[in-house]
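Read through the structure below, which is laid out as structure tokens, and then see the notes.
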Amino acid sequence: VLDDPCIFEGNPDLKAQISWEILPFLVLTNAAPKCVELQMASCVAETTLLSQHPLTHGWAKGKHSCCFTVHLNEPTTLFKFLSLLWGYNSNLGDQLDCRVSAILQTQALYVGKALLCNQPIKTLNVLASGSSPVVPSLLVCLCSGVCEVRRAAIAVLHSLSGVVSSPYYLLVENLLKSSEEIIADPSYLSQVSQSMILAALALYSFGKQDFSPCLCCISSRSLLQCVQLPCCPSYTCKTLLRALQDVHGEPILAILLPAVERLLEQCAPDSCTFLPDEAHLLQLLLSKFSEASAPLLVKDPRCLEVFIRALGTSAKPYPSMPGFQIIALEQITKPFFTALGDEKIQQKILSVLFDLLVGNKNPACAQAINSVFKVIAVDAELVANELMPVDKQKVTATVQQTRRSKMQTRKTQESSGAVPEENVVSWPRVTLILELLQHKKKLRRAQCLVPALFNLLSRCLDPAAAEQENLEYTKQLILSCLLNVCQKLSPDGGPISKDVLEEDTFNVELVVQCVRMSDMPQTHHHALLLLGALAGIFPEKVLHNIMPIFTFMGSNIMRLDDTYSFQVINKTVQAVIPALIKANEGGSAQSEGHMETVVSHIVHVFVDALPHVPEHRRLPILSQLMNTLGPSRFLWVLMLLLFKQHVTQTSVSASGAEKEAVVERDQDFWTSVCCEFEVKEQLTSIIRILQYLMTLPQDKEEETVSDVIFNMEANSGKDLRHFKFLSVSFMAQLLASDRFVGKVADCEDLTESTLQTLHLLEEVLRYIHAVARCVEDNADKPTAKFWRALLSKSYDILDKVNALLPMDSFIMVMRGLMGNQLASVRRKAMELLNNKLQQRTQWKMLHFITLTTHSAEHYHGQVTAQEEEELAINRQTALYSLKLLCRNFGSGHQEPFVPVLKKAVELVADKDEEKNVMGSALLCVAEVTSTLKALAIPQLHSLMPAVLDTLKERKDLLNNEIYLLSAVTALQRVSETLPHFISPYLEDTISQVSITKRLTSCPQLSVRLSSLSTTLATKVPPRVLIPTITKCHCTMVNVQQNRLGPLMIILKEHITHMEKDQLNNHQSELTSFFLSALDFRAQHCQGDLNKIGEIEGYVIDCLLVMVMKLSEITFRPLFFKLFDWSKMDGASKNRLLTFYRLADNIANKLKGLFVLFAGQLVKPISELLRQLNISHTDDDDDDDDDNVTKSSLLLQYVLDCLHKIFLYDTQRFLSKERADALLGPLVDQLENMLGGDEIYKTHITKHLVPCIAQFAVALGDDSQWKVLNYQILLKTRHSSPKVRFSALVMLLELASKLRENYMVLLPETIPFLAELMEDECEEVEQQVQKVIHEMETILGEPLQSYF
């Protein structure tokens, strides 16, 4: 039946159930080979159902059951063996050298189940008793990770469920109730066991001193007793304790304590043999020292001793596990330590920990102790007891520690040779405790540490102790711990109640002594940080010791360039100084003064140390210092001390060349310091500096009171003056610096800033008044120059302050200053006003009206005062102010300036007025007139004569160019503004311009005169200007000829700007004027030819401007009129000279257009050339030099005019008749020796040769070229070598112009050249060679073969 597969097909659960049910048939109790039981078991084992089952696979062949009947015939022995199989799988040591697999374990469990089912009740009671290993082994199986093992164990437990007498009865029942959960989850056993034990503990906590006899307590006790029994295998105990690892309590620890003792005894250093399971078991046992079990250490001394022994057990049997000492240390948690309750026990454990820290060299142990101490909450008194010197040797916890401690003591005695004394401090132990303390946060009643720490600090400072050991590190630790205590007691840094800490317990003198006696920067840092904290807690105590601290800081720490030192300085300053200031606030004036003196000394220390501080640290240090002190109260002190340092140290050490650079560098740094703070703080500081400067004496000789900032006894009078000047100079520079002005611009509270600025202005004025008085007092002393310079710098401050004022305040201040009794103050006010006006600020209408009215009133008062030079300067300044006011506001507000113009004109008309004042008045007139425009017309009748009269004063003009410039400026602005109303004064104006232009050498004046000329030429209408110029010309032409040039320039510019219609209307008038003006040479023929030529040139230039604006129709009659004028009966050669000079200039301007009008000039020119050729005439009138020069000039102008006609000819101007008329006279000029050799040479090279060459080009006919060439060749046979030479030059120029066209002329030229090659004159012969060579180059053909 069991082999039939149809029975189980599709029903695996039925198959499994039948397999479990028939397993008991395999268990034998009879060992006979042929017994029925054995045969039955064999048949069942061989069935398909069981032979394929994993648990019974192979049993049919093995016959395993036989061993049970032979070797394990006793039930107790049999189940001990089965218990071994059940639990051995969890053994880590494998002492039996065998392996129990999960399958074997499960098989053994089912065998046990089968056996238990057949046991009598008596046997079951024995097997389920507390001394039997059956139940503990089954509990181990329930922790297995294999589900089938747990299922088999539950099956076995079912066999024991009815054993009521068993101490495990309740536990077994609870487990069977949760069998499904246990089979599903291996950790569920822990929950069942723990719930039962917790229930027992609950009963214990209700007042019973021992477990009660209830089933729950019995089961719990039995389970725990089993674990601590020596006979119980360690792997079983380990597994059970792991299941109970979350169960803690005093009863549990008390039951398990023997097991802990037993295992610790195995940890002897020489024979530490631990099985792996024993090591894990001890680890689990030590974990029972927990918060819940901690009170047992107080109740049971044996328990405390065991725990201390565990703390001293450094054994570590296996590398994969932590040492037992580390495990024990890990049990000391904050809850555990707190749960101890008894301070004696806590003290004992702390002492053991500290002793371990000293004697143990294991870093892991030290780290564990450090971690323990960090987390536990300790009463500071316990730690203080450990820090105090011991009266006798401490009792060590273990034999090993005792031995080690004695050895160390012996070594120390041997090395020092000293006998042990009472009250000796163990510095290594103290150092280690302090290291733990310095970062300790969970410290109760921290103030209890203070006496002990100061006692240690006092011992550290004892010279005898310092000689024996280096205690610097210990000092640092003590100071750090004291700082930690202060921070705990006063987190906000404020005072502490006397109930918490008495002031006398803190010995500040010891801390200061640490700073002064130590050479270690780190010690200094710690001491300073502590003092900073103490300053907030006990300010009075620190105040009495403050100066040694900061003196030391300045001479040592501030010189270090590291972030830590910088932070120490900052924290010290932040902590100490505010406490001092706060402590003295609201006190008496004497107390306040004492505090300010102390703070000044502190700032002095920082300033003295500044040169030694790294540059990039200086600004942050001073900024932090001031922010702490309060810049509004003490920034001025810092700045004055910096000034004094520069005066007494920096500038003294610098050489002459470096002083300026040093001053500039220091002032830049001072500006950076000031600009670290708000505007109001800087302004307050400047006010305080000014007030301080006014308290200083004028000189050192005066009696003074000793001062912290600038001690007169220690410094010279020169230092005092330098100090004052440097202070004032820096204030002026600061107020003008970009950073300060930017801060002012960004200032939001304008009202407060304005009020401060006004206050500052008052102080500046008060200081200026004081300095001005000193200037008067020291006028005759050597220091007079210094006081004047200081006054000037003070005015600079005033100027910079006014630049910061809002407009309303500025106007109010100006009104007040202009009414001051001191002339210098009034002048400075006007200068400030002028500076403001020049900035072209946007002013409101109200500002303008107020200021103009007051300035005008002030101006009236000024112009009436003429007593002193200073008042004259004030009048100039007032006039300049009015000018700027007019420039800024006159265009929109003309009426207020009418009386200003009237007064200024009166001033100009006053001939006795000082010239500089008059110059300023003229400039004011110029500005006001240009602004008022038509409103100024009523003043012209007074103004113009007055201005013109000033220009007629030649002597004053030449001596005072500014005065002259002012007059010309006034004339120019008036002429520009009112050109239509100056005709009555136009003649005098033009006359004065013409004169002044000839006299001046000043470039600026020349520019202004040119501008005036342009104004007259462009603004005055022609109907007014031309008659005036004609009139002026008639006046000047005979006696004031030097003025004609500027006059012609005005007319020239005027004609340039005339419209065509205007020119046509005035052409006849202008023509008459020019005919008269051109006759200047003829009327003054006896004068200097160069001067005549210059004046004539001005007239011709002017006429050319008109010619260029005329059309052909209007120009032709003008030209012929001029031509007729030159030939008029009785006309001299001078007119011809003027005409041909004019014709030459017109030809140059008109170019090809002039050819249209030149036809009429051919015959006159031809005739004139013959007349001027002295080789053809015998005229004796030309013998004098003057006539020769004029004839030479006339010949030059005629030839130049012809040259331009030929040059610009494009219309075949040279007909045959005109060519014939000109050819002969032109060629004959080669013989004309008029004026001598030099003039002849110039005429030939610069005038005649270019003219004839261009004449040939204009001919354009080879037949006429031949005639011309032949005529020139004939001149090569002239008797004069100069003529022959000139003829050769002419031939060469002719060839260069005609180029290849000259080839037709070459045949007739060769013979003449051949003759000249043998000329008697060497120069001619050389010139021939040159001509031949050049002709070869020009013509591209060799000519040597022709000779």
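Quantities reported herein were computed from a predicted structural model and do not represent experimental measurements.
Here the CG-CD1 distance, from Leu1051 to Ile1029, works out to 4.5 Å after rounding to the nearest 0.5 Å. Rounding to the nearest 0.5 Å places CD1 of Ile937 at 10.5 Å from CG of Leu932. With rounding to the nearest 0.5 Å, the separation of CG in Leu1009 from CD in Gln1004 is 11.0 Å. Annotation: the span from Ile1026 atom CD1 to Ile1055 atom CD1 amounts to 7.0 Å, rounded to 0.5 Å. Here the NZ atom belonging to Lys1052 is positioned 8.5 Å from the CG atom belonging to Leu1104, to the nearest 0.5 angstrom. Separating the CD1 atom in Ile1049 from the CG atom in Leu1016 is a distance of 13.0 Å, to the nearest 0.5 Å.
When atom types are taken as modelled, the side chain of Ser1076 and the backbone of Ser1072 share no donor-acceptor pair closer than 3.5 angstrom. Proximity of a side-chain donor or acceptor of Asn778 to a complementary backbone N or O of Cys774 within less than 3.5 Å is detected. Under the 3.5 Å distance criterion, the side-chain polar atoms of Ser737 are matched with a main-chain donor or acceptor of Leu734. A donor-acceptor pair under 3.5 Å is absent between the side-chain atoms of Asp799 and the main chain of Tyr795, judged by distance alone. For the pair Lys1109 (side chain) and Met1058 (backbone), a donor-acceptor distance under 3.5 Å is present.
Applying the ring-ring contact (aromatic ring centres under 6.0 Å, His included) test to pairs two or more places apart or on separate chains, those with a residue in residues 1014-1038 are His1033-Phe1073. Sorted by first then second residue, the side chain to side chain donor-acceptor pair (under 3.5 Å) pairs that include residues 973-986, not counting sequence neighbours, are Ser930-Arg973, Gln972-Glu976.
Here the options are Leu726, Val728, Leu720, the test is side chain to side chain contact (heavy atoms under 4.5 Å, CB included), and the partner is Lys724; only Leu720 passes.
Using a 4.5 Å heavy-atom cutoff, the side chains of Leu922 and Thr969 are not in contact. Under the 4.5 Å side-chain criterion, counting only non-hydrogen atoms from C-beta, Cys924 is in contact with Val900. Val1024 has its side chain within reach of Leu986: a pair of non-hydrogen atoms, C-beta onward, lies under 4.5 Å apart. Put simply, the side chain of Ser729 reaches to within 4.5 Å of the side chain of Gln667, judged on heavy atoms. Leu1063 places a side-chain heavy atom less than 4.5 Å from the side chain of Leu1070. Within the 4.5 Å cutoff, no side-chain heavy atoms of Phe1080 are placed close to those of Glu1096. At least one side-chain heavy atom of Val925 sits under 4.5 Å from a side-chain heavy atom of Leu943. Between Met731 and Leu690, the closest side-chain pair of non-hydrogen atoms falls below 4.5 Å.
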Under the side-chain contact (heavy atoms from CB on, under 4.5 Å) criterion, do Leu948 and Leu971 qualify, and how do the steps go? CA-CA 8 Å; Leu948 291 171; Leu971 203 56; 4.1 Å; yes
Given the rule in the salt bridge (Lys or Arg N to Asp or Glu O under 4.0 Å) test, do Arg766 and Glu763 qualify, once you have shown the distances and angles that lead to the verdict? CA-CA 5 Å; Arg766 191 177 291 115; Glu763 291 298 332; 2.7 Å; yes
Would you check, one step at a time, whether the test side-chain contact (heavy atoms from CB on, under 4.5 Å) holds for Asn1064 with Lys1060? CA-CA 6 Å; Asn1064 291 336; Lys1060 186 176 181 181; 3.9 Å; yes
Taking it one step at a time, do Met1036 and Ser991 satisfy side-chain contact (heavy atoms from CB on, under 4.5 Å)? CA-CA 9 Å; Met1036 299 175 184; Ser991 177; 4.3 Å; yes
Run the numbers on Leu735 and Val801 for side-chain contact (heavy atoms from CB on, under 4.5 Å), then give the verdict. CA-CA 7 Å; Leu735 292 170; Val801 172; 3.6 Å; yes
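Every residue two or more places apart in sequence or in another chain was checked for a side-chain hydrogen bond (donor to acceptor under 3.5 Å, both in side chains) with His722, and none qualifies. Looking at residues two or more places apart in sequence or on another chain, you find a side chain to side chain contact (heavy atoms under 4.5 Å, CB included) between Glu987 and Thr1028, Lys1031, Cys1032, Thr1035. For Phe723, the ring-ring contact (aromatic ring centres under 6.0 Å, His included) partners two or more places apart in sequence, or in a different chain, are Phe710. Every residue two or more places apart in sequence or in another chain was checked for a ring-ring contact (aromatic ring centres under 6.0 Å, His included) with His1066, and none qualifies.
Listed here is the closest heavy atom pair of Ser794 and Val764: O-CG1, 4.1 Å. Closest non-hydrogen pair, Phe897 versus Val928, comes out as O-CG1, 3.7 Å. Residue Pro1022 comes nearest to Pro1027 through the heavy atom pair O-CD, 3.5 Å, listed as atom of the first residue, atom of the second, then distance. Minimum interatomic distance between Met944 and Ile982 (heavy atoms only, all atoms of both residues): CE-CG2, 4.4 Å. What you find for Pro1021 and His1054 is that their closest heavy atoms are C-CE1, 4.1 Å. For Ala1017 against Glu1053, the heavy-atom pair with the smallest separation is CB-CB, 3.7 Å.
Lys1091 has no carboxylate O lying under 4.0 Å from a charged side-chain N of Glu1094, or vice versa, which leaves the two without a salt bridge.
Heavy atoms from other residues, nucleotides or ligands lying under 6.0 Å from CD of Gln691 number more than 12.
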